[in-house]
Q: 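Shown below is the structure under consideration.
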Amino acid sequence: MGQKVNPISFRIGFNKKWSSQWYANKKDFGDFLLEDDKLRGYIKKKFYHTGISEIQIFRRTPEKVRIKIFTARPGLVVGRRGAAIDVLREELRELVNREVIIDISDVKVPELEAQLVSENVAQQLERRISFRRAVKRAIGDTMVRGAEGIKIQVAGRLGGREMCRTESYKKGKIPLQTLRADISYGFAEAFTNYGTIGVKTWIYRGEKLSAEEEDVNHGSDAKKS
(Lines give C-alpha, C1' and ligand atoms only; values in the text may rest on other atoms or scores of the structure.)
Protein backbone atom coordinates (compact mmCIF):
# COMPACT_ATOMS: atom_id res chain seq x y z
CA MET A 1 0.00 0.00 0.00
CA GLY A 2 1.49 3.32 -1.04
CA GLN A 3 2.39 5.97 1.51
CA LYS A 4 1.50 9.36 0.07
CA VAL A 5 3.18 12.48 1.46
CA ASN A 6 2.62 16.09 0.46
CA PRO A 7 5.67 17.03 -1.69
CA ILE A 8 5.94 20.46 -0.07
CA SER A 9 5.90 19.31 3.56
CA PHE A 10 8.30 16.50 2.63
CA ARG A 11 10.91 19.11 1.58
CA ILE A 12 10.42 21.72 4.31
CA GLY A 13 13.79 22.56 5.79
CA PHE A 14 15.61 21.33 2.71
CA ASN A 15 14.52 23.42 -0.28
CA LYS A 16 11.05 24.57 0.85
CA LYS A 17 9.95 27.02 3.56
CA TRP A 18 6.93 27.22 5.82
CA SER A 19 4.12 29.38 4.44
CA SER A 20 3.61 30.74 7.99
CA GLN A 21 6.91 32.03 9.36
CA TRP A 22 6.34 33.25 12.89
CA TYR A 23 6.84 32.12 16.47
CA ALA A 24 4.23 32.09 19.24
CA ASN A 25 3.95 30.70 22.73
CA LYS A 26 1.65 27.82 23.55
CA LYS A 27 -1.14 30.13 24.64
CA ASP A 28 -1.35 32.16 21.40
CA PHE A 29 -0.38 29.50 18.86
CA GLY A 30 -3.92 28.19 18.24
CA ASP A 31 -5.39 31.67 17.83
CA PHE A 32 -2.67 32.68 15.37
CA LEU A 33 -3.18 29.49 13.38
CA LEU A 34 -6.92 30.14 13.01
CA GLU A 35 -6.15 33.74 12.13
CA ASP A 36 -3.83 32.60 9.34
CA ASP A 37 -6.60 30.41 7.93
CA LYS A 38 -9.05 33.34 8.00
CA LEU A 39 -6.62 35.65 6.22
CA ARG A 40 -5.74 33.15 3.51
CA GLY A 41 -9.37 32.16 2.93
CA TYR A 42 -10.56 35.76 2.65
CA ILE A 43 -7.77 36.85 0.29
CA LYS A 44 -8.10 33.76 -1.90
CA LYS A 45 -11.87 34.14 -2.21
CA LYS A 46 -11.74 37.86 -2.96
CA PHE A 47 -8.91 37.67 -5.52
CA TYR A 48 -9.33 34.15 -6.91
CA HIS A 49 -9.40 35.54 -10.47
CA THR A 50 -5.95 37.13 -10.10
CA GLY A 51 -4.07 33.82 -9.98
CA ILE A 52 -2.76 33.69 -6.40
CA SER A 53 -0.25 30.84 -6.09
CA GLU A 54 0.80 31.33 -2.46
CA ILE A 55 0.14 33.52 0.59
CA GLN A 56 2.94 33.78 3.14
CA ILE A 57 2.35 35.15 6.64
CA PHE A 58 5.30 36.23 8.77
CA ARG A 59 6.66 38.82 11.21
CA ARG A 60 3.81 38.75 13.69
CA THR A 61 3.54 41.12 16.64
CA PRO A 62 0.62 41.75 18.99
CA GLU A 63 -0.31 44.80 16.91
CA LYS A 64 0.79 43.88 13.37
CA VAL A 65 0.94 41.02 10.90
CA ARG A 66 2.81 41.01 7.59
CA ILE A 67 1.48 39.16 4.51
CA LYS A 68 3.14 38.47 1.17
CA ILE A 69 0.89 37.60 -1.78
CA PHE A 70 2.30 35.83 -4.84
CA THR A 71 0.05 36.56 -7.81
CA ALA A 72 0.18 36.31 -11.59
CA ARG A 73 -1.79 39.58 -11.95
CA PRO A 74 -0.45 42.04 -9.38
CA GLY A 75 -2.12 44.99 -11.09
CA LEU A 76 -5.58 43.64 -10.29
CA VAL A 77 -4.67 43.14 -6.63
CA VAL A 78 -3.16 46.60 -6.24
CA GLY A 79 -5.84 48.38 -8.27
CA ARG A 80 -5.73 51.83 -9.79
CA ARG A 81 -3.42 54.04 -7.70
CA GLY A 82 -3.44 51.38 -4.97
CA ALA A 83 -7.18 51.65 -4.30
CA ALA A 84 -7.86 47.89 -4.21
CA ILE A 85 -4.96 47.11 -1.89
CA ASP A 86 -6.04 49.87 0.50
CA VAL A 87 -9.55 48.42 0.67
CA LEU A 88 -8.14 44.92 1.25
CA ARG A 89 -5.84 46.17 4.01
CA GLU A 90 -8.78 47.79 5.82
CA GLU A 91 -11.00 44.70 5.45
CA LEU A 92 -8.28 42.43 6.83
CA ARG A 93 -7.69 44.81 9.73
CA GLU A 94 -11.36 44.53 10.69
CA LEU A 95 -11.21 40.74 10.27
CA VAL A 96 -8.32 40.12 12.67
CA ASN A 97 -8.38 43.30 14.78
CA ARG A 98 -4.77 44.23 14.08
CA GLU A 99 -2.81 46.22 11.51
CA VAL A 100 -2.03 44.28 8.33
CA ILE A 101 0.98 45.02 6.11
CA ILE A 102 0.68 43.59 2.58
CA ASP A 103 3.49 42.93 0.12
CA ILE A 104 2.81 41.90 -3.49
CA SER A 105 5.14 39.62 -5.45
CA ASP A 106 4.77 38.94 -9.18
CA VAL A 107 4.65 35.34 -10.45
CA LYS A 108 6.73 35.50 -13.62
CA VAL A 109 5.73 32.12 -15.13
CA PRO A 110 2.24 31.00 -14.00
CA GLU A 111 2.53 27.80 -16.07
CA LEU A 112 5.23 26.54 -13.67
CA GLU A 113 3.10 27.05 -10.54
CA ALA A 114 1.15 23.87 -9.81
CA GLN A 115 -1.56 25.67 -7.83
CA LEU A 116 -2.34 27.97 -10.76
CA VAL A 117 -2.32 25.07 -13.22
CA SER A 118 -4.78 23.14 -11.03
CA GLU A 119 -7.08 26.15 -10.75
CA ASN A 120 -6.91 26.73 -14.51
CA VAL A 121 -7.97 23.14 -15.21
CA ALA A 122 -10.73 23.36 -12.59
CA GLN A 123 -12.13 26.54 -14.14
CA GLN A 124 -12.22 24.87 -17.56
CA LEU A 125 -14.10 21.90 -16.10
CA GLU A 126 -16.66 24.28 -14.61
CA ARG A 127 -17.14 25.73 -18.12
CA ARG A 128 -17.98 22.20 -19.32
CA ILE A 129 -14.77 21.75 -21.31
CA SER A 130 -13.69 18.11 -21.72
CA PHE A 131 -11.36 17.11 -18.90
CA ARG A 132 -8.97 15.37 -21.30
CA ARG A 133 -8.73 18.46 -23.46
CA ALA A 134 -8.17 20.75 -20.46
CA VAL A 135 -5.52 18.51 -18.92
CA LYS A 136 -3.57 17.94 -22.15
CA ARG A 137 -3.57 21.65 -22.93
CA ALA A 138 -2.25 22.46 -19.44
CA ILE A 139 0.47 19.81 -19.77
CA GLY A 140 1.56 21.17 -23.14
CA ASP A 141 1.71 24.77 -21.90
CA THR A 142 3.75 23.79 -18.84
CA MET A 143 6.28 21.71 -20.78
CA VAL A 144 6.77 24.51 -23.30
CA ARG A 145 7.65 26.89 -20.46
CA GLY A 146 10.59 24.75 -19.38
CA ALA A 147 9.28 22.18 -16.90
CA GLU A 148 11.10 18.85 -16.80
CA GLY A 149 7.96 16.93 -15.93
CA ILE A 150 4.30 17.31 -14.98
CA LYS A 151 1.56 15.05 -13.65
CA ILE A 152 -2.12 15.99 -13.40
CA GLN A 153 -4.66 13.81 -11.64
CA VAL A 154 -8.42 14.39 -11.85
CA ALA A 155 -10.98 12.52 -9.76
CA GLY A 156 -14.77 12.57 -9.63
CA ARG A 157 -17.68 12.00 -11.98
CA LEU A 158 -15.59 12.69 -15.05
CA GLY A 159 -17.63 13.39 -18.16
CA GLY A 160 -20.84 13.12 -16.15
CA ARG A 161 -20.47 9.35 -15.61
CA GLU A 162 -22.44 7.70 -12.84
CA MET A 163 -19.38 6.16 -11.21
CA CYS A 164 -16.55 8.24 -9.80
CA ARG A 165 -13.10 7.44 -11.11
CA THR A 166 -9.56 8.78 -11.10
CA GLU A 167 -7.42 9.45 -14.17
CA SER A 168 -3.81 10.61 -14.29
CA TYR A 169 -1.84 12.16 -17.13
CA LYS A 170 1.92 12.50 -17.04
CA LYS A 171 4.70 13.84 -19.22
CA GLY A 172 8.41 13.91 -18.40
CA LYS A 173 9.68 12.76 -15.01
CA ILE A 174 8.40 13.43 -11.48
CA PRO A 175 11.05 12.27 -8.91
CA LEU A 176 8.92 12.58 -5.78
CA GLN A 177 11.39 10.63 -3.62
CA THR A 178 14.34 12.93 -4.45
CA LEU A 179 14.74 15.70 -1.88
CA ARG A 180 16.76 17.84 -4.27
CA ALA A 181 13.89 17.87 -6.77
CA ASP A 182 12.05 21.19 -6.91
CA ILE A 183 8.45 19.94 -6.95
CA SER A 184 5.56 22.38 -7.16
CA TYR A 185 2.29 20.87 -5.89
CA GLY A 186 -1.22 22.27 -6.13
CA PHE A 187 -4.83 21.22 -5.55
CA ALA A 188 -8.10 22.75 -6.73
CA GLU A 189 -11.75 21.74 -6.94
CA ALA A 190 -14.20 22.16 -9.80
CA PHE A 191 -17.86 22.45 -8.77
CA THR A 192 -19.85 21.06 -11.70
CA ASN A 193 -23.48 20.02 -12.19
CA TYR A 194 -22.45 16.39 -11.65
CA GLY A 195 -20.58 17.04 -8.42
CA THR A 196 -17.14 18.08 -7.26
CA ILE A 197 -14.06 17.13 -9.28
CA GLY A 198 -10.65 17.32 -7.63
CA VAL A 199 -7.56 18.35 -9.58
CA LYS A 200 -4.03 17.65 -8.31
CA THR A 201 -0.88 18.82 -10.08
CA TRP A 202 2.80 18.01 -9.63
CA ILE A 203 5.41 19.98 -11.61
CA TYR A 204 9.11 19.11 -11.63
CA ARG A 205 11.19 22.25 -12.17
CA GLY A 206 14.67 20.72 -11.90
CA GLU A 207 17.00 20.12 -8.97
CA LYS A 208 17.43 22.67 -6.21
CA LEU A 209 20.25 22.44 -3.67
CA SER A 210 19.68 22.94 0.03
CA ALA A 211 21.18 25.94 1.81
CA GLU A 212 23.95 23.77 3.33
CA GLU A 213 24.90 22.31 -0.06
CA GLU A 214 24.97 25.77 -1.63
CA ASP A 215 27.35 26.96 1.12
CA VAL A 216 29.62 23.95 0.49
CA ASN A 217 29.65 24.61 -3.26
CA HIS A 218 30.43 28.29 -2.76
CA GLY A 219 33.26 27.35 -0.41
CA SER A 220 34.77 24.89 -2.89
CA ASP A 221 34.50 27.44 -5.71
CA ALA A 222 36.30 30.04 -3.58
CA LYS A 223 39.14 27.60 -2.82
CA LYS A 224 39.57 26.82 -6.54
CA SER A 225 39.78 30.52 -7.39
Side-chain angles (χ1 to χ4, degrees), residues 2-21 36-37 40-41 43-45 47-57 68-74 76-77 104-127 129 131-156 158 166-191 196-210:
Q3 303 297 319
K4 300 173 180 62
V5 181
N6 187 299
I8 298 175
S9 61
F10 184 57
R11 291 167 175 81
I12 285 180
F14 191 84
N15 60 16
K16 299 289 184 182
K17 296 181 180 179
W18 293 98
S19 56
S20 293
Q21 301 176 29
D36 283 4
D37 186 61
R40 287 196 178 92
I43 295 172
K44 191 70 176 179
K45 183 177 180 180
F47 292 101
Y48 189 84
H49 60 286
T50 64
I52 295 177
S53 62
E54 185 181 3
I55 301 173
Q56 292 185 356
I57 301 176
K68 190 172 186 179
I69 302 174
F70 295 82
T71 174
R73 300 176 181 176
L76 297 179
V77 179
I104 305 296
S105 182
D106 185 16
V107 176
K108 301 295 184 183
V109 188
E111 292 83 3
L112 295 181
E113 295 293 334
Q115 182 62 37
L116 300 185
V117 174
S118 295
E119 292 176 3
N120 180 36
V121 173
Q123 289 174 358
Q124 293 185 60
L125 295 179
E126 291 177 347
R127 297 198 300 267
I129 295 177
F131 71 93
R132 290 190 182 90
R133 181 181 178 185
V135 169
K136 290 180 179 179
R137 180 186 299 174
I139 291 176
D141 293 342
T142 298
M143 295 301 292
V144 167
R145 300 296 289 188
E148 296 191 23
I150 178 175
K151 176 183 175 182
I152 299 180
Q153 178 180 294
V154 289
L158 304 176
T166 301
E167 290 199 13
S168 298
Y169 297 84
K170 179 181 177 182
K171 189 171 184 179
K173 55 183 179 179
I174 307 291
L176 296 180
Q177 299 300 317
T178 306
L179 284 174
R180 280 186 177 182
D182 183 10
I183 302 292
S184 177
Y185 172 76
F187 170 75
E189 292 178 323
F191 301 99
T196 302
I197 297 177
V199 182
K200 293 181 179 180
T201 303
W202 296 260
I203 298 177
Y204 175 44
R205 301 183 293 197
E207 288 192 354
K208 184 177 180 182
L209 300 180
S210 66

Q: Name all residues meeting the salt bridge (charged side-chain N to carboxylate O under 4.0 Å, His left out) criterion together with Asp36; count only those two or more places apart in sequence or in a different chain, and write none if there are none.
A: Arg60

Q: Locate the shortest heavy-atom distance separating Pro110 from Lys108; write the atom from each residue and the value.
A: CD-O, 3.5 Å

Q: Taking the side chain as every heavy atom from C-beta outward, state whether Trp202 and Lys170 have any atom pair closer than 4.5 Å.
A: no

Q: Considering all heavy atoms of both residues, which atom of Ala190 and which atom of Ala122 are nearest to each other, and what is their separation?
A: CB-O, 3.4 Å

Q: Are the side chains of Gln56 and Trp18 in touch, meaning some heavy atoms are under 4.5 Å apart?
A: no

Q: Please report the shortest heavy-atom distance between Ser9 and Asn6, naming the atom on each side.
A: OG-O, 3.1 Å

Q: So, taking the atom named CZ in Arg137 and the one named CZ in Arg133, what distance separates them when rounded to the nearest 0.5 Å?
A: 5.0 Å

Q: Can you measure from OG1 (Thr50) to CD1 (Ile104) and round to the nearest 0.5 angstrom?
A: 8.5 Å

Q: Leu76 versus Phe47: any side-chain heavy-atom pair under 4.5 Å?
A: no

Q: Please tell me if the side chains of Ser19 and Arg40 come closer than 4.5 Å, counting only heavy atoms from C-beta onward.
A: yes

Q: Testing the basics here: between Phe191 and Glu126, what is the closest heavy-atom pair and its distance to 0.1 Å?
A: N-OE2, 3.1 Å

Q: Compare every heavy atom of Thr166 with every heavy atom of Ala155, then report the nearest pair and how far apart it is.
A: CB-OG1, 3.4 Å

Q: Check whether any side-chain heavy atom of Leu179 lies under 4.5 Å from a side-chain heavy atom of Phe10, and answer yes or no.
A: yes

Q: Quick one: does any side-chain atom of Lys16 pair with a main-chain N or O of Ile183 as donor and acceptor, under 3.5 Å?
A: yes

Q: CG of Leu125 to CG of Asn120: how many Å apart, nearest 0.5 Å?
A: 9.5 Å

Q: Mind checking whether Ile197 and Phe131 have side chains closer than 4.5 Å, heavy atoms only?
A: no

Q: Just by distance, do the side chain of Glu167 and the backbone of Val154 share a donor-acceptor pair under 3.5 Å?
A: no

Q: Closest approach of His49 and Arg73, non-hydrogen atoms and distance?
A: O-NH1, 3.2 Å

Q: Taking only distance into account, with no hydrogens and no angle test, what donor-acceptor pairs under 3.5 Å do side-chain atoms of residues 112-119 form with protein atoms, sequence neighbours excluded?
A:
from	atom 1	to	atom 2	distance (Å)
Glu113	OE2	Arg205	NH1	3.3
Gln115	OE1	Phe187	N	3.2
Gln115	NE2	Glu119	OE2	2.9
Gln115	NE2	Phe187	O	3.1
Ser118	OG	Ala114	O	3.1
Ser118	OG	Gly186	O	3.2
Ser118	OG	Thr201	OG1	2.7
Glu119	OE2	Lys44	NZ	2.6

Q: Which residue is it: Ile152, Thr142, Ile174, Asp182? I am looking for the one with a side-chain contact (heavy atoms from CB on, under 4.5 Å) to Ile203.
A: Thr142

Q: Roughly how far, to the nearest 0.5 Å, is OH of Tyr204 from CG of Leu176?
A: 11.0 Å

Q: Does any non-hydrogen side-chain atom of Lys208 lie less than 4.5 Å from one of Arg11?
A: no

